[in-house]
Amino acid sequence: MAEFSSIVLALILGLVLALFLLRFFSRHNHKNLPNGSMGFPFVGETLALLKPHSSNSMGTFLQERVSRYGKVFKSHLFGSPAIVSCDHDLNMFILQNEERLFEASYPKAMHDILGQFSLLVISGDLHRKLRNFVVTFTTVSKSSPRFLNFAENLAISMLDSWKGRKEIDFLKEIRKLTLSLMVKSVLSIEPEEPRALRILDDFRTYMKGFVSLPLNFPGSSYSKAVKIVSVALDILLGGYETTSTLIALIVYFLGHVPKAFQTLKEEHEAVRKSKQVGEPLDLEDYKRMEFTKNVIYESMRCGNVVKFLHRKATQDVHYKEYFIPSGWKVIPVLSSPHLDPSLHESPLKFNPWRWKNQETRKKVMPFGGGPRLCPGAELAKVEIAFFLHHLVLNYRWKIREDEFPVAYPYVEFRRGLLLEVEPAQEEFRK
């Protein structure tokens with residue numbers, strides 16, 4: 001009797017599992033859905049998407065899926081059925097139709113870290129009001145000589161500290177610089193105060209937890225990030241993690257393309273020749289730094305600071321031949337069009353000169369798009385340009401052969417971007 005009961009129970013469990021699998025796969029086969037694979041039930045393909053890879057590549061997961069299914073495919077990611085877009089036109093359509101057809105939809109676990117008032121997760125009137133506040137702050141800062149002088153002096157101070165040193169842990173140093181700039185301007189905390197260093201440590205914890213799996217047990221990256229969310233929210237304003245990562249990418253690419261370094265240096269030598277000795281930079285100087293801006297844009301395209309975004313369809317959407325069901329997650333992958341050979345000649349080549357062609361700007365979304373276009377982009381470009389001015393006039397550097405940027409999907413360097421530095425010629429060292 002016991003044996004018979006075990007057989008019946010096994011048959012029932014098998015039937016339940018079969019019905020679940022049938023329902024799981026059948027509900028993901030709507031007419032005109034993009035081709036793709038849903039992976040395993042519950043787990044889906046999230047781990048494969050998040051597998052670390054060089055940030056100036058699509059990664060194995062996307063490369064294989066695009067090759068097999070095309071630039072738009074279905075999957076199961078972050079606990080939800082999803083449409084993944086590696087297509088530039090569809091990405092633009094998604095971002096431009098936010099709050100009409102799509103909305104921001106970060107996994108619930110990320111909400112615990114980001115908080116209920118993060119610009120990443122809020123929408124509607126509240127998002128517009130908070131974004132306007134950030135835009136106002138960055139606009140005022142960009143036009144403030146006092147702020148710009150502080151930013152420039154901070155860069156000079158950091159570079160002066162390199163004198164006599166042969167090797168620089170660049171990523172660590174540039175993070176200190178950008179965070180010091182922020183805590184001074186936003187929180188009125190002096191960079192040398194212990195509180196500033198604690199904020200830096202907390203922010204690194206926050207970033208690791210933000211992209212980790214939501215495993216909420218003591219000691220996990222996720223649980224640590226949740227604990228320090230109040231501090232993280234204070235310092236998230238302005239996207240300074242993005243700024244420091246972008247500067248590191250610029251330094252990395254310039255170290256591998258001597259011609260770009262030399263052209264950039266010549267532009268800044270011309271700017272310095274037009275100034276009095278010790279005269280600070282201003283916005284008029286920034287406007288003359290055209291090649292500098294091209295270097296920034298190209299580093300964003302090649303380095304992919306932001307790999308993809310989280311969105312959700314708020315209603316059934318028909319786009320060209322594709323059907324996107326209401327409630328499904330939508331993942332616009334920004335890095336894929338950046339490296340698409342049908343959009344860019346030699347896409348893996350770092351070539352700032354390609355930005356002389358205005359058409360390039362229509363094919364790249366380095367700062368996002370639509371209502372969520374990065375509000376701090378313009379201020380960040382000014383800060384980066386001022387830093388590069390003093391960097392290229394004062395130093396040359398070499399990068400280890402085994403160093404490269406890795407997408408986790410947040411960007412890190414394998415060895416922290418260790419630089420072998422040497423002073424530049426004396427003529428323009430100001």
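Any value given below was found using the heavy atoms of this structure, including those in side chains, with hydrogens, waters and symmetry copies removed. We number each residue from 1, following the sequence as shown.
- With Tyr286 as the aromatic partner, Lys293 meets the cation-pi criteria of under 6.0 angstrom to the ring centre and within 45 degrees of the ring axis.
- Residues satisfying the salt bridge (Lys or Arg N to Asp or Glu O under 4.0 Å) criterion with Glu401, sequence neighbours excluded, are absent altogether.
- For Arg100, the side-chain contact (heavy atoms from CB on, under 4.5 Å) partners at least two apart in sequence or on another chain are Asn97.
- Residue pairs meeting the salt bridge (charged side-chain N to carboxylate O under 4.0 Å, His left out) criterion with at least one member in residues 242-255: none, sequence neighbours excluded.
- The salt bridge (Lys or Arg N to Asp or Glu O under 4.0 Å) check on Arg361 picks up nothing, with sequence neighbours excluded.
- Ring geometry for Phe102 versus Phe93: interplanar angle over 60°, hence perpendicular rather than tilted (30 to 60°).
- Under the salt bridge (Lys or Arg N to Asp or Glu O under 4.0 Å) criterion, Lys259 pairs with no residue at all, not counting sequence neighbours.
- The salt bridge (charged side-chain N to carboxylate O under 4.0 Å, His left out) analysis of residues 339-348, with sequence neighbours excluded, yields the pairs Lys71-Asp340.
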Identify each donor-acceptor pair in which a side-chain atom of residues 54-64 lies under 3.5 Å from a protein atom, sequence neighbours left out, and give them as a table.
from, atom 1, to, atom 2, distance (Å)
Ser54, OG, Asn56, OD1, 2.3
Ser55, OG, Gly303, O, 2.9
Ser57, OG, Ser54, O, 2.8

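- By the side-chain contact (heavy atoms from CB on, under 4.5 Å) test, Glu420 is found to be paired with Lys398, residues two or more places apart in sequence or in another chain being considered.
- Under the rule for a side chain to side chain donor-acceptor pair (under 3.5 Å), the partners of Thr292 that lie at least two apart in sequence or sit in another chain are Glu267, His268.
- Ring geometry, Phe323 versus His318: the interplanar angle falls from 30° to 60°, so the pair is classed tilted.
- For Glu359, the side chain to side chain donor-acceptor pair (under 3.5 Å) partners at least two apart in sequence or on another chain are Lys362.
- Not counting sequence neighbours, the partners of Glu422 by the side-chain contact (heavy atoms from CB on, under 4.5 Å) test are Arg396.
- Here Phe253 pairs with Phe350 under the ring-ring contact (aromatic ring centres under 6.0 Å, His included) rule; sequence neighbours left out.
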